[in-house]
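Got a structure for you, questions after.
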Amino acid sequence: MKTRPYLSDVSLKPSAQAHAGRFPFSLPVVRALGHLALHPQVTFFAGENGSGKSTLLEAIAVAMGFNAEGGSRNFRFATRESHSSLHEHLRLARGITLFRGNSFYVLDEPEAALSPQRQLAMLSRLHDLVQDGSQFLIATHSPILMAYPHALIYECGAQGIRKVAYEDTEHYRVMHDFIANPQRMLKVLLEP
Ligand SMILES: Nc1ncnc2c1ncn2[C@@H]1O[C@H](COP(=O)(O)OP(=O)(O)OP(=O)(O)O)[C@@H](O)[C@H]1O
Ligand SMILES: [Mg+2]
């Protein structure tokens, strides 16, 4: 498997400091970005609703030259009508120039509307593309997708952004505990 990344890390330019305290720089995930190393194959962004995954991914995509309004590079921004100015303050460290056949993908919750079986099928497709040398950045809530082994998982939250093992993600633990014993969790949730 090829291991050379197209995009190797993302960090904030010093220019971001002038905007500290204002959205999106006020988000812990942006404030604590540091030098965010990306996996040469797949980097997942997990974490609670509203933690800033889409904001960050959209900014990276725009800084990479993707069309924010959902045009030429098959990237669609589903969360809001316009992206923030964060992309202007991101420094992107690029690895190699993509060679023929390889692609750089930015996916925001690709599991939306996919059945668990389709998510499993997506893992196979993801693996095919990774083996062909493509690199992915994926925001997801899916414990199925984030099980992909050739990957790095970042969990976004109130503390910022941190690297986590698959089994330590909140998504995995909640789903695992629920499936293992639905009655126990329902009892906690539904009883007064
Ligand atoms: N234009 C904006 N101005 C101010 N706040 C915003 C704006 N757009 C988004 N936000 C806020 O920024 C936070 C991060 O939003 P974002 O959509 O990036 O989260 P997310 O991690 O992708 O969430 P989800 O898992 O629900 O997709 C949220 O609290 C959101 O309400
Ligand atoms: Mg989102």
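Along the sequence shown, the residues carry numbers beginning at 1. Atoms within each ligand, like the ligands themselves, are counted from 1 in listed order.
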* To do: Using the side chain to side chain contact (heavy atoms under 4.5 Å, CB included) rule, take Phe45 and Val29 through it: C-alpha gap first, then chi angles, then the decisive distance, then the call.
  => CA-CA 11 Å; Phe45 296 86; Val29 70; over 6 Å; no
* Structure fact -> So the atoms of ligand 1 within less than 4.0 Å of a heavy atom of Glu109 turn out to be 24 (P), 25 (O), 27 (O)
* Measure the acute angle between the ring planes of His150 and His127, then classify it against the limits of 30° and 60° as parallel, tilted or perpendicular. => parallel
* Answer yes or no for Ala139: is there a heavy-atom contact with ligand 1 below 4.0 Å? => no
* Backbone or side chain, does Thr55 get an N/O/S atom under 2.8 Å to the Mg ion (ligand 2)? -> no
* **Donor-acceptor pair, side chain of Glu167 and main chain of Tyr172, under 3.5 angstrom** => no
* Any N/O of Gly50 closer than 3.5 Å to an N/O of ligand 1? -> yes
* Test side chain to side chain contact (heavy atoms under 4.5 Å, CB included) applied to Met185 and Asn181, step by step -> CA-CA 7 Å; Met185 200 170 281; Asn181 192 344; over 6 Å; no
* Structure fact -> Per-atom filter on ligand 1: closer than 4.0 angstrom to a heavy atom of Ser54 are 17 (O), 18 (O), 20 (P), 22 (O), 27 (O)
* If you count the atoms of ligand 1 from 1 in the order shown, which ones are under 4.0 Å from a heavy atom of Asn49? -> 23 (O), 24 (P), 25 (O), 26 (O)
* Going by the order shown, which atoms of ligand 1 are within less than 4.0 Å of some heavy atom of His141? -> 25 (O)
* To do: Identify which one of Leu137, Val10, Ile153 satisfies the side chain to side chain contact (heavy atoms under 4.5 Å, CB included) criterion when paired with Thr43.
  => Leu137
* Asked: What residues, two or more places apart in sequence or in another chain, satisfy salt bridge (Lys or Arg N to Asp or Glu O under 4.0 Å) together with Arg91?
  -> none
* Quick one: look at Leu27 and ligand 1, take heavy-atom pairs under 4.0 Å, and tell me if it's side chain, backbone, both or neither. => side chain
